[in-house]
There are 2 protein chains.
Amino acid sequence: MVAQTELSDAEVDRIFHALADATRRDIVRRTLTVEASVSELASAYDMSFAAVQKHVAVLEGAGLVVKKPRGRERIVRGNPEQIRRAQALLDRYEQIWRSRIDRLDALLAGDGPSPQN
Amino acid sequence: MVAQTELSDAEVDRIFHALADATRRDIVRRTLTVEASVSELASAYDMSFAAVQKHVAVLEGAGLVVKKPRGRERIVRGNPEQIRRAQALLDRYEQIWRSRIDRLDALLAGDGPSPQN
DNA sequence: GTAACGTACAACCAAATGGTTGCACAAACT
DNA sequence: AGTTTGTGCAACCATTTGGTTGTACGTTAC
């Protein structure tokens, strides 16, 4: 089990915001499989190099992607660690939901009229 | 197992965008536990009623929350179904990552020099 | 050394976001 | 009936976003 670095609201904002764009999600998907330079990525989309470069910067700022220099290129790699962190966030919501169910179950275990939904 | 309604890019955009705001995440958290009217929610945050109402509208548009009328009030309830759908999306990325690992493992199972990271 | 390539960054622009106030209207209370 | 409460919506505003082009600069190739 990895130490769960507590994410600030701002960091969580950045993660979900970064994921809220189809191009950026595609970049993550792509670089989780094979790392690619920024210009390689850029050639895959119908927009300017600068636009793609900005998307990568957003992803990097959110920690969803890591850039390492190689010669004149910057190699982009998806960061599964951060994906897992995002999953953990959503898990929390699931847990909240489940604990509510548990409480209701406990309550209904006694008796009372069937709830109207 | 529930039929996995295929989400469009635009829908996924809306889900993650809705989650990219601390106030909205808090509304989801809150209404997963206890449903609340819009004005009840509004009283919990340091912003105008209209602002909170807009946040709720964004969440509703993303399907993360459901509103049902009760008298003059609109009762807001978190939608665990959609949360799960978001989780499923992130799971896909995890899978992509894992399948990459598998491929690398298969490759390295043979022989070859140890990779430089 | 010079040209080409890959990246970063600034300036600019249109559209979207997140907040505000004000108004309209239906439901509930007196 | 009249007032209060809860909601929705429009108009407005500042800021952010997502795109563009242009420029600068380090790295690689000739």
Side-chain angles (χ1 to χ4, degrees), chain A residues 8-31 34-78, chain B residues 8-31 34-79 116:
Chain A
S8 72
D9 273 357
E11 287 173 307
V12 179
D13 284 6
R14 261 178 277 143
I15 293 175
F16 284 126
H17 172 252
L19 289 170
D21 180 282
T23 302
R24 286 196 290 262
R25 284 193 301 275
D26 196 65
I27 291 174
V28 171
R29 210 175 293 133
R30 203 180 278 265
T31 58
V34 274
E35 52 185 30
S37 72
V38 180
S39 54
E40 279 171 344
L41 288 172
S43 69
Y45 305 101
D46 189 26
M47 67 183 75
S48 70
F49 169 84
V52 174
Q53 201 248 10
K54 276 197 196 178
H55 281 307
V56 172
V58 169
L59 287 168
E60 193 186 15
L64 287 165
V65 128
V66 164
K67 248 190 311 188
K68 74 173 171 210
R70 185 167 69 194
R72 64 185 160 189
E73 301 181 315
R74 298 303 137 91
I75 304 302
V76 181
R77 245 181 41 225
Chain B
S8 71
D9 272 357
E11 287 173 307
V12 179
D13 284 7
R14 261 178 278 143
I15 292 174
F16 284 126
H17 171 251
L19 289 171
D21 179 283
T23 302
R24 286 196 290 261
R25 285 193 301 275
D26 196 66
I27 291 175
V28 170
R29 211 174 292 133
R30 201 179 280 264
T31 58
V34 274
E35 51 184 31
S37 71
V38 180
S39 53
E40 278 170 345
L41 288 173
S43 69
Y45 304 100
D46 188 26
M47 66 184 76
S48 70
F49 169 85
V52 174
Q53 202 248 10
K54 275 196 197 180
H55 282 307
V56 172
V58 169
L59 288 168
E60 193 186 15
L64 287 165
V65 128
V66 164
K67 247 190 310 187
K68 75 174 172 209
R70 185 167 68 194
R72 64 184 159 188
E73 303 181 316
R74 297 305 138 89
I75 304 302
V76 181
R77 245 181 42 224
N79 180 10
Q116 202 62 11

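The chains referred to below are lettered A, B, ... by the order of the sequence lines, with proteins before strands, and numbering in each begins at 1.
Looking at every heavy atom in both residues, B:Gly78 comes nearest to B:Val65 through CA-CG2, 4.0 Å. The heavy-atom pair separating A:Asp9 from B:Ala22 by the smallest distance is OD2-CB, 3.5 Å. The shortest heavy-atom contact between A:Ser43 and A:Glu40 is OG-O, 2.7 Å. What you find for B:Asn79 and B:Gly63 is that their closest heavy atoms are ND2-O, 2.9 Å. Across all non-hydrogen atoms, the minimal contact from A:Leu59 to A:Arg24 is CD1-O, 3.7 Å.
Relative to the axis of its first five pairs, the axis of the last five pairs of the helix from C:dG1-D:dC30 to C:dT30-D:dA1 sits at 20°, rounded to 10 degrees.
At whole-Å resolution of the value, NZ in B:Lys68 and P in D:dG6 are 18 Å apart. Between the CG atom of A:Leu41 and the P atom of C:dG6 there is a distance of 13 Å, given to the nearest Å. The distance between atom OH of B:Tyr45 and atom C1' of C:dG19, rounded to the nearest whole Å, is 16 Å. Rounded to a whole Å, the CD1 atom of A:Ile27 is 13 Å from the C1' atom of D:dG18. To the nearest angstrom, P of D:dG8 lies 11 Å from CD1 of B:Ile75.
Counting heavy atoms from C-beta on, the side chains of B:Thr31 and B:Arg77 never come closer than 4.5 Å. Using a 4.5 Å cut-off on side-chain heavy atoms (C-beta onward), A:Arg14 and A:Leu64 make no contact.
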| message | Using a 4.0 Å heavy-atom cut-off to protein, can you give one letter per nucleotide of nucleotides 19-30 of chain D, 5' to 3': B if the base is in contact, S if only the sugar-phosphate is, - if neither? | response | BBB----BBB--
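Residue A:Gln53 places none of its side-chain N or O atoms closer than 4.0 Å to OP1 or OP2 of C:dT7. Residue A:His17 places at least one side-chain N or O under 4.0 Å from the OP1 or OP2 atom of D:dG18.
A:Arg30 meets the side chain to side chain donor-acceptor pair (under 3.5 Å) test with A:Asp26, A:Tyr45; sequence neighbours excluded.
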